[in-house]
Protein chains: 2
Amino acid sequence: MNERSARRLGRLTEALARGGTLRLSEAARLCGVSEMTIRRDLSAGDGGLTLIGGHLVRADDPRYAPLYDLATQQDRQAEAKQRLCEVAARHIEDGDTLFVDCGTTLMPLVSGLDQERSLTVVTYALNVANALSRLPGVRLVLLGGVYHPSSQTFASDDIVARLSRLGINKAFITAAGVHAKKGVSCFHFHEVAPKQAAIACATQRLLVADDSKAGIIRPAYFATLDDFDVVITGPESGLETTAGRPQIIVA
Amino acid sequence: MNERSARRLGRLTEALARGGTLRLSEAARLCGVSEMTIRRDLSAGDGGLTLIGGHLVRADDPRYAPLYDLATQQDRQAEAKQRLCEVAARHIEDGDTLFVDCGTTLMPLVSGLDQERSLTVVTYALNVANALSRLPGVRLVLLGGVYHPSSQTFASDDIVARLSRLGINKAFITAAGVHAKKGVSCFHFHEVAPKQAAIACATQRLLVADDSKAGIIRPAYFATLDDFDVVITGPESGLETTAGRPQIIVA
DNA sequence: CATTTGATGTTATTTTTCTAACAAAAACCT
DNA sequence: AGGTTTTTGTTAGAAAAATAACATCAAATG
């Protein structure tokens, strides 16, 4: 990609940073180039901006991904996540201090929060923070550090210490693999410390994982199933409520 | 308006209640009627839903609100900021560790960075972090804490300690007010600590402020002009290079 | 039962947006 | 300078969407 092209994209991205749309014609006028050039910039770019019916809009916000493109498969997972999150949301009470884990699983949870909901939410994920930053009722605490693009999270050596200073009420944890015997795992090792710290200091621990994670093992173990008080999952997960600790909720 | 029509609209409104888009064709299939009927429903409705390029969206969705104001006034300032940032960018060398301050002034700087640029960038601003998160060559460090929507920044009591542990090479600082005699100020008190810490520990300090800030005093002072090595500003600022410390660059 | 009325579907037309191809201009290199 | 590549603009054609007009259907009414 071109340097000038990148600068134009940057400018447009900035213009649209807080949402809104821009007619393609406006964008072209703004940058002093033809509409065709803007089109080319967009298709060469990283997909942060997209064109929908002649209107330039942000595409990087999962909140605005198409909901019901029933044709594709991604969306069925999205719908599953939506269902799980609706159940998870019922565990949230006003005044809670929540920990919200990384990934896309919990995005419907934070995106769906009521504007006026009075909560404190702690996270180390950039996408989660972005969604929460728009809610006036939420006090957002982001655990900073070095950014890891692979999981859109921040990692730092004192994240555990900082987390333990916060009075976390409920921890919503995600996983890439959930195995009844072997335990709960994720892809990236830098996610382990925050997850474990959140599990350690939260009063109530909730695991949210859709069917596609069931029976899977990923590189980084971070907990066993009975570290959790509640597990919210889909009907095909094969997990069942036993006498033991975790209460399995099927959504 | 028709009763069935109203019911369809209600159903679609519900489907889009949490944002997202719906293809007109999907909507038609969902309601079991033709696309034309959906179109008629929409134009007869209260305007809560709207059609944009074949996609059905909520009219009050902030993402799809047209940005009317861009063409007008913001534009000239944006262009000025673009100019300042082009000058500022010339001070960046590969391998640098930068501090980038909050606000919109420096957005063109980070948005315009080359994809391959090898840098470490430290910031405490969410918008800056978002722009940088897309650049593969940039190691992004976000100083976390409690989110302040007014400035899109994070604040925490140990931000100063954490900053001083980082080897900041060049600090790009912004201001809401620059006064030759009185000093440099910003709107929010929670910005003061990070700014001062960055100024304290950086090797080179650059102030970037467009003309509209010149001669202005804002609530929170955080530095004097000669705390900076370089000041990048516009032609109308009235600032001039004197014998003293700050080198004034007019862009 | 025929007729009317309103809602819906279908088709055709216009407008707009998208894509591809080529031409012009600018930047780049030797 | 001369030639090459890259970037941008223009044009033309294809695709999609918006609009309008007309046809069809179903319920309601006398």
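Everything numeric here is computed off the predicted structure, so don't read it as measured data.
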Q) So which one's nearest nucleotide on DNA chain C is more toward 5', Leu24(A) or Arg40(B)? A) Arg40(B)
Q | Residue Arg39(B), side-chain atoms from C-beta onward, closest of dT17(C), dG9(D), dA17(D) | A | dA17(D)
Q) Within the side chain of Asn169(B), is there an N or O that forms a donor-acceptor pair under 3.5 Å with the backbone of Leu98(B)? A) no
Q: Round to a whole Å and report the spacing from CG of Leu56(A) to C1' of dC18(C).
A: 15 Å
Q | Flag side-chain contact, heavy atom, 4.5 Å: Ile92(A) against Leu109(A) | A | yes
Q) Rounded to the Å, how far apart are Asp41(B) CG and dT19(D) P? A) 15 Å
Q. Can you tell me how far P of dT17(C) sits from NE2 of His55(A), to the nearest Å?
A. 7 Å
Q) If you check the Leu51(A) side chain, which of dC18(C), dG9(C), dG9(D) turns out closest? A) dC18(C)
Q) Atom CD of Glu26(B) and atom C1' of dA17(D): how far apart are they, to the nearest Å? A) 17 Å
Q.
Going by the rule ring-ring contact (aromatic ring centres under 6.0 Å, His included), which residues pair with His148(B) if we only count those two or more places apart in sequence or in a different chain?
A. His190(B)
Q.
Between P on dA20(C) and CE on Met36(A), what's the gap in Å once rounded to a whole number?
A. 9 Å
**Q.** Check: Asp101(A) side chain, Thr174(A) main-chain N or O, donor-acceptor pair, under 3.5 Å
**A.** yes
Q | Nucleotide nearest Arg23(B) (side chain, heavy atoms from C-beta), chosen from dA17(D), dG9(D), dG9(C) | A | dA17(D)
Q: Applying side chain to side chain donor-acceptor pair (under 3.5 Å), name anything that partners Thr233(A), two or more places apart in sequence or on another chain.
A: none
Q: Could you tell me the separation between the CD1 atom of Ile52(B) and the P atom of dT17(C), rounded to a whole number of Å?
A: 11 Å
Q: Report the nucleotide, chosen from dT8(C), dA17(D), dG9(D), that has the shortest atom-to-atom distance to any side-chain atom of Thr37(A).
A: dG9(D)
Q | Closest to the Arg8(A) side chain, choosing from dT8(D), dT17(C), dG9(D) | A | dT8(D)
Q) Atom CD of Glu35(A) to atom P of dT11(D): distance rounded to whole Å? A) 14 Å
Q: Report the distance from atom CZ of Arg29(A) to atom C1' of dT8(D), rounded to the nearest whole Å.
A: 19 Å
